[in-house]
Participant: 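Below you'll find the structure I mean.
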2 protein chains.
Amino acid sequence: MEFKHQATVTLAEVAEAAGVGESTVSRVLRNHGSFSGKTRERVMAAVERLGYVPNRIAGTLASTGSRLVAFVIPSLSNIVFPDVLRGASAVLEENRYQAVFSVTDYDPGKEEALAAAMLAWRPAAVMLAGYEHTDGTAKMLRASGCRVVELLDLDGDALDIAVGFSNRAAGRESAAFLLKRGYNRIGYVGHDLKRDTRAGKRFSSFCETLDIAGVPLVAHEILAGPSSVEDGRLGLERLLARATDLDAVYFSNDDMALGGYFHCLAQGIAIPSQLAIFGYNGLDIGRTIPQPLSTIRTPRVATGEIAAQLIVANAPPQVVDLGFELIEGATA
Amino acid sequence: MEFKHQATVTLAEVAEAAGVGESTVSRVLRNHGSFSGKTRERVMAAVERLGYVPNRIAGTLASTGSRLVAFVIPSLSNIVFPDVLRGASAVLEENRYQAVFSVTDYDPGKEEALAAAMLAWRPAAVMLAGYEHTDGTAKMLRASGCRVVELLDLDGDALDIAVGFSNRAAGRESAAFLLKRGYNRIGYVGHDLKRDTRAGKRFSSFCETLDIAGVPLVAHEILAGPSSVEDGRLGLERLLARATDLDAVYFSNDDMALGGYFHCLAQGIAIPSQLAIFGYNGLDIGRTIPQPLSTIRTPRVATGEIAAQLIVANAPPQVVDLGFELIEGATA
DNA sequence: GTGAAAGCGCTAACAG
DNA sequence: CTGTTAGCGCTTTCAC
């Protein structure tokens, strides 16, 4: 049972109380069109007195556009997507837009269902992670006529607007960095790559870069399920049990890398002399551990901000590459 | 400029195409009321053919209740509120409710403004953190007639529904634990308590408990701004510079405590023999560091889930105490 | 500068 | 089982 619109004050009642027409109240409230100062006073007084709260549902239906922005995100389990939401919501709130969200758990089918549910709210824009959508999702989004923003990836074709950075480039630069440092017995620890396709792209371009250099990946350990610090630790433990002579390990992200780092601390494995560790994301915590984590810092908050700004400004279709920053750190 | 409802298929067009009345289409789509299997077929075929997406804005206006649930949260900077959102959104999505959110940055004035903006969408419920609201917010919420859920705190009077646990009890038990372990030169490192009133409650009941035991707090260090791992590190560094003989430090939360832990690791301070560390929240990462963090684990995801379930079920006003779990860990 | 009236797309009685 | 008819509360012409 939902909320009943009980005893809600309507615009008509405000108009009546102020002794003016409904359209006048509407104009005053939206500060649009013309009205006298005196009228304004009376309307505002009535609004105050009655405790009127405009009904945006009705307003949106009557007018031609909504100020809802829909986020369809894969996960809320680590700080990555909250960072994006944070950046976006700051901009949206300033512009009187309202953020709406749902979580797909990295399931493309769920993404399609949730995107459809979102479209029913007729949002000004739908924001999704990356480019990997089902045909149904893509078709539906295109047909909707609503703006679409794909976030945090640039390796593919944008439906409309894309804001982020290249995961392939990130994987490549990570490999190049480790090679430059002279590591040549390199391993990988990652989480479910089928679902997290951006992590998958990083991994594959990482491997390609190693191959080209003639220093192929020695071993890898993939854990099922979402990334976590504990799985990073466990993954490294397993990897080292199989491949004893690694000199560096690339992790699917910082959460996993931190787990690896802690494993080394606990086992007395010297970092980076005995084993180097490299992550991805550039989480704040990586800067405060005794040896700053070597990683790639991604502009997550900025991605949200820019995406929101483009929607608010109704910008034309475009791809915005925000780049990323390689942090040399002390672990690799 | 917002999204234009361009060339959108309407229910009337579907009805026309299917050769039935509008209400029949509506009934079929909502699977409510009665209609023949044959009618159902024809309607669904038309829906499919035209690519019809129901307009929930119009539906909500016409019917008597919305399936929007509004979250007004203080922050997205750490994992605490995302955890709550995650728990809630899973339940809401299953029940075809839609989550909407805005972020207050722990500013009560902003909370009032954002709550007002939320109310304009006529949500089924508004979910807020804790009990500390401006009079304006409380009054507005009460007058709205919409359900209100206060989350993550139970120390105060609920407006309607409250789901969480007692922060005062958490502070008290943390102190009792440290006392039981025999620590008696106890310090505190915290972040901005004016804004984060729940952390403030934990701190004050922590201190009261120490006072009662005749072992008052020796020193404390409060950093401006939100909690962070780095500020935890910095806070402990500063605190130890002033108070050299502490044997335990209570932190405002796990992020801060982890910073303190890393400071000790880097400085070669033995934990817990030389200095004990105690946190709050029970983040996953605290379990994977070489010495599991001693802390209090709070049921954040469950808080979101229960809150959502109560709203979906239109439960009566009530206070749900989910409790918390003290993790003994290895740092205190 | 202001009001009357016609919808926005849907749901909810109410007849049939 | 199904169609017709009023609205939901607002914005938006369009006269005045």
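When reading the values below, keep in mind they use all heavy atoms of this one structure, side chains included, and skip hydrogens, waters and symmetry mates. Reminder, nothing fancy here: chain letters follow the sequence lines and each chain counts from 1.
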Participant: When every nucleotide of nucleotides 2-7 of chain C is labelled 5' to 3' by its protein contacts under 4.0 Å (heavy atoms), B for base, S for sugar-phosphate only, - for none, what sequence of letters results?
Facilitator: BBB--B

Participant: Please check if any side-chain donor atom of B:H133 sits under 3.5 Å from a side-chain acceptor atom of B:E111, or the reverse.
Facilitator: yes

Participant: Specify the separation, in whole Å, of atom CZ of B:R30 and atom C1' of C:dG9.
Facilitator: 13 Å

Participant: Specify the residue among B:H32 and A:A58 whose closest nucleotide of DNA chain C lies further upstream toward the 5′ end.
Facilitator: A:A58

Participant: Looking only at the side chains, is there a donor atom on one of B:R40 and B:S36 sitting less than 3.5 Å from an acceptor on the other?
Facilitator: no

Participant: Starting from P on C:dG9, measure out to CD on B:E13 and report it in whole angstrom.
Facilitator: 9 Å

Participant: Would you say the side chain of B:L119 lies within less than 4.5 Å of the side chain of B:C146, judging by non-hydrogen atoms?
Facilitator: yes

Participant: Could you tell me how far apart B:R67 (CZ) and C:dC10 (P) are, to the nearest whole angstrom?
Facilitator: 17 Å

Participant: What does the inter-axis angle of the helix from C:dG1-D:dC16 to C:dG16-D:dC1 come out as, five pairs per end, nearest 10 degrees?
Facilitator: 30°

Participant: Closer than 4.0 Å, any side-chain N/O of A:R122 to the OP1 or OP2 of C:dC8?
Facilitator: no

Participant: Nearest whole angstrom, please: distance from the C1' of D:dG9 to the CZ of A:R56.
Facilitator: 14 Å

Participant: What's the spacing between A:F101 CZ and A:S89 OG if we round to 0.5 Å?
Facilitator: 11.5 Å

Participant: For a 4.5 angstrom cut-off between non-hydrogen side-chain atoms, does B:V320 reach B:Q318?
Facilitator: yes

Participant: Any Lys/Arg nitrogen of B:E305 or B:R300 sitting under 4.0 Å from an Asp/Glu carboxylate oxygen of the other?
Facilitator: no

Participant: To the nearest angstrom, how far is B:L11 atom CG from C:dA12 atom C1'?
Facilitator: 13 Å

Participant: Write down the distance between CG (B:L61) and C1' (D:dC8), rounded to a whole number of angstrom.
Facilitator: 4 Å

Participant: Using a strict heavy-atom distance below 4.0 Å, which residues from residues 112-119 of chain A are in contact with DNA chain D?
Facilitator: none

Participant: Checking side-chain contact (heavy atoms from CB on, under 4.5 Å) for the pair A:I306/A:L322: CA distance, chi angles, key distance, verdict?
Facilitator: CA-CA 9 Å; A:I306 306 282; A:L322 262 25; 4.1 Å; yes

Participant: If we ignore angles and hydrogens, is there a donor and acceptor under 3.5 Å between the side chains of B:N314 and B:R147?
Facilitator: yes

Participant: Would a 4.5 Å heavy-atom cut-off, applied to side chains only, mark A:L128 and A:V149 as touching?
Facilitator: no

Participant: C:dG9 C1' sits how many Å from B:Y52 OH, rounded?
Facilitator: 7 Å

Participant: What is the distance, rounded to the nearest whole Å, between atom CH2 of B:W121 and atom P of D:dG9?
Facilitator: 16 Å

Participant: Which of these, A:R198, A:R195, A:K201, sits in a side-chain hydrogen bond (donor to acceptor under 3.5 Å, both in side chains) with A:E132?
Facilitator: A:K201

Participant: Under a 3.5 Å threshold, yes or no: a donor from one side chain and an acceptor from the other, between A:D155 and A:N167?
Facilitator: no

